[in-house]
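Just so it is clear: chains get the letters A, B, ... in the order the sequence lines come, proteins before strands, and each one is counted from 1.
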Amino acid sequence: MLHTVNASPFERTALTCCLAHAVNGDAVVLIEDAVYAVVKGSTASAEIVAMTEGVDLYVLGPDLAARGINRAKLIAGITEIDYAGFVDLVVAHTSSQAWL
Amino acid sequence: MLHTVNASPFERTALTCCLAHAVNGDAVVLIEDAVYAVVKGSTASAEIVAMTEGVDLYVLGPDLAARGINRAKLIAGITEIDYAGFVDLVVAHTSSQAWL
Amino acid sequence: MQPTVPAARIEDVDVKISVLVHAAPYTHQAADTAYQFILAAIAKGHAITRVFFYHDGVNIATRLAVPPADDRNIQKCWSVLAAEHGVDLVVCIAAAQRRGILDEGEARRHGKGDGAANLAPGFRIAGLGQLIEMGIQSDRLVVFGA
Amino acid sequence: MQPTVPAARIEDVDVKISVLVHAAPYTHQAADTAYQFILAAIAKGHAITRVFFYHDGVNIATRLAVPPADDRNIQKCWSVLAAEHGVDLVVCIAAAQRRGILDEGEARRHGKGDGAANLAPGFRIAGLGQLIEMGIQSDRLVVFGA
Amino acid sequence: MSDTAIAPKIIKKFLYVNRKAPYGTIYALEALEAVLIGAAFDQDVSLAFLDDGVFQLTKGQNARAIGMKTVSPAFGALGDFGVTRLYVEAESLAERGLTRDDLMIITHDFENGTTGEVPSIIVVDRARMSNVMAEHDIVLTF
Amino acid sequence: MSDTAIAPKIIKKFLYVNRKAPYGTIYALEALEAVLIGAAFDQDVSLAFLDDGVFQLTKGQNARAIGMKTVSPAFGALGDFGVTRLYVEAESLAERGLTRDDLMIITHDFENGTTGEVPSIIVVDRARMSNVMAEHDIVLTF
């Protein structure tokens, strides 16, 4: 299953809720304000490291660029994708769930 | 200063942010979905008890009633008000701040 | 239920209060809470300097909404408030243009065709300066949003 | 930047995708992300079964919005998508009525006056059944909201 | 409505995921409207309540004092529409100071036509909720 | 605009509180629009950035790839509008993995007309931010 999260982890609990339900083999795509979650040294990134074992984590590059987050600031283990890569992920998983 | 919070503490961090900035003598009014914060035994109520020393805490009764939360379920130290009481609080404080 | 706000802390019975509403009707409760708050303030003898609608709050002012018959009609509630209590309801022009809320002048100016204006009775469209002005002219300003 | 999704996990190059959009334009990025996602899907040769606008997402379909000249025009982006790629843009009738988005038939039926319809070109108003139907008829359904 | 005339051959498993509290936002109400319409389509429909969505099912709601419509009674009608599975997450209840007793009683008729009523609410733990989500073809979130 | 012709006698202290990230929602942009209009009113105007609001001030923003307008350059013009105090909360930065160096440099001219520029961003701790809020007559939150 593919999970999408679009809210800032500092403002909403959606990412935590998502990670609590993502299971081995699932993928999580962070889009929009959720991309702030993968900035190194943030309290959110610590949670992600702790909770995503066995889960593939993706982040939408255009949303990183908009927010001025360059790749050097990302925690390890994150795959950056563009909109086409997002489409590929949707196609690759039989179902998806948005954590709004 | 009067602070208002209207979001569920389980969905958003606004209440935590508010309580981190409320100082001795301030008042906090919980309205709309924020009223869920004062239900006894919830994780949010534990945080409230820990963070509201010296702060007057109010909850909007009509919002409790809508959500089926009766008074027996509230943690101690909360004052229930109606819309008129809310107006009185606004009048009684020279400024107010909404934590949206 | 009695409100238990200490009476000694209430300064005045004729305070000028202004209200800022940020959120879309129905989708968020903010418009409802603001409305109930204002009714209570008027009942207590306070004066409502102005209500300013910003962000998605401008959508409260559409005359085209047709909510289900068993639900409240938020726009009508506000229009009645303006008619019965003379409350000044100001919709931010910049926020309204972005979201498609136009009065007759705006609809004409942007070539939207006759009859296209969708601003409801009792509301007027004006600039953000009206927000600052109401802050200056009132004793209290309260924000309702989402 | 190269997307690094393993190619082996991609099942097909002609997948039917439907999209559900829940959030208001400008206020939330959801409408923008959904639009970019759909452009990318079309570029990859997938078919967009339908886009269904629900909750405040129905506000995307107003023809009355006049965003600042230096900003994108979200409604126009979608109308062009419908015109150029034949994407079926369906606005939920119940959600639209509540929020004041009406086509000509609805505007007439509710006595809103000539010219009041504010549904933009390329959108159509229909029932929630269209949401269920698109779920049944497509291979994938993606939700964008707030 | 002409929508119901489509009579699709395909039957998919639809899961409506409810994660928002009622009244503060409209999501609970409009999700329910979607469920009730969707029920006419002869699909396999279940509902999931987790996070703040569990508040939708609490007893004693009465929105009169805030000038709104009380949403909760409509859940009682779900059984008549053939919607008989409401999964509720145990951890979400506990975090909010709620127990099963705080929830409304929602039932549906026995499927085989014999008399008697079956509870529609199925309290599951978080791991089971993940499975429920994975078992569905379409996950609609509101 | 006729609004500016009012020329009020009263001068109040306005604080615009920014607690939302840019781009994901419109609040940052529309708050800035309000600040720029408000600056014409000869009031005492300050801005506060806390919680996700600190993201509004980060360097290197470029919203072209998401089809939106880049908001951040407009902060550079605040000084010209007489808005010279941007309070930024240190704890909010730290929680988000940010330091002062991640923020744009925003300056204004010396008030006494001598040449040179003064930084507009004032990083304060949480306790001081509470004081800043308390010191203002009008707190506008977006």
Side-chain angles (χ1 to χ4, degrees), chain B residues 1-8 11-15 17-18 25-36 55-67 69-72 74 76-100, chain C residues 1-49 51-52 54-57 71-72 77 81 135-136 138-146:
Chain B
M1 167 164 267
L2 179 72
H3 304 267
T4 61
V5 180
N6 73 330
S8 162
E11 192 200 357
R12 300 214 193 188
T13 59
L15 177 60
C17 298
C18 168
D26 281 1
V28 174
V29 188
L30 304 178
I31 65 174
E32 304 175 4
D33 284 346
V35 303
Y36 288 119
V55 172
D56 292 328
L57 201 59
Y58 299 87
V59 64
L60 199 54
D63 279 320
L64 288 173
R67 290 158 181 83
I69 306 170
N70 63 50
R71 247 170 287 176
L74 304 192
I78 309 289
T79 304
E80 186 178 335
I81 54 172
D82 58 11
Y83 291 107
F86 187 8
V87 171
D88 289 345
L89 281 173
V90 165
V91 169
H93 292 83
T94 51
S95 68
S96 72
Q97 170 158 9
W99 295 79
L100 302 174
Chain C
M1 187 201 53
Q2 290 298 317
T4 55
V5 181
R9 294 175 58 184
I10 299 163
E11 298 169 358
D12 208 325
V13 290
D14 187 18
V15 172
K16 285 177 285 190
I17 299 174
S18 59
V19 173
L20 177 54
V21 181
H22 280 333
Y26 305 104
T27 300
H28 294 97
Q29 199 188 336
D32 298 282
T33 306
Y35 173 73
Q36 300 287 351
F37 175 88
I38 289 168
L39 287 185
I42 291 172
K44 282 190 159 277
H46 300 307
I48 303 300
T49 304
V51 184
F52 194 81
Y54 200 44
H55 297 316
D56 277 357
D71 199 357
R72 73 240 188 253
C77 287
L81 194 67
I136 296 168
S138 58
D139 304 309
R140 299 288 182 273
L141 186 151
V142 192
V143 183
F144 294 93

Subject >> Working for side chain to side chain contact (heavy atoms under 4.5 Å, CB included), residues C:Lys44 and B:Val91 >> reply: CA-CA 11 Å; C:Lys44 282 190 159 277; B:Val91 169; over 6 Å; no
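Neither the backbone nor the side chain of C:Asp32 has a heavy atom closer than 4.5 Å to any heavy atom of chain B. Looking at C:Leu141, the atoms closer than 4.5 Å to chain B (heavy atoms on both sides) all sit in the backbone: N, CA, C or O. For C:Ala41, the parts lying under 4.5 angstrom from a heavy atom of chain B are both the backbone and the side chain.
Under the 3.5 Å distance criterion, the side-chain polar atoms of C:Arg140 are matched with a main-chain donor or acceptor of B:His93.
C:Phe37 pairs in a side-chain contact (heavy atoms from CB on, under 4.5 Å) with only one of the listed residues (B:Leu60, B:Ile31, B:Val90), which is B:Val90.
Of all non-hydrogen atoms in C:Ala40 and B:Val87, the two that sit nearest each other are CB-CG2, 3.8 Å. Taking every heavy atom of both residues into account, B:Asn6 and C:Gly145 meet most closely at ND2-O, 2.8 Å.
Looking at heavy atoms from C-beta onward, C:Phe144 lies out of side-chain contact with B:Leu100 at the 4.5 angstrom threshold.
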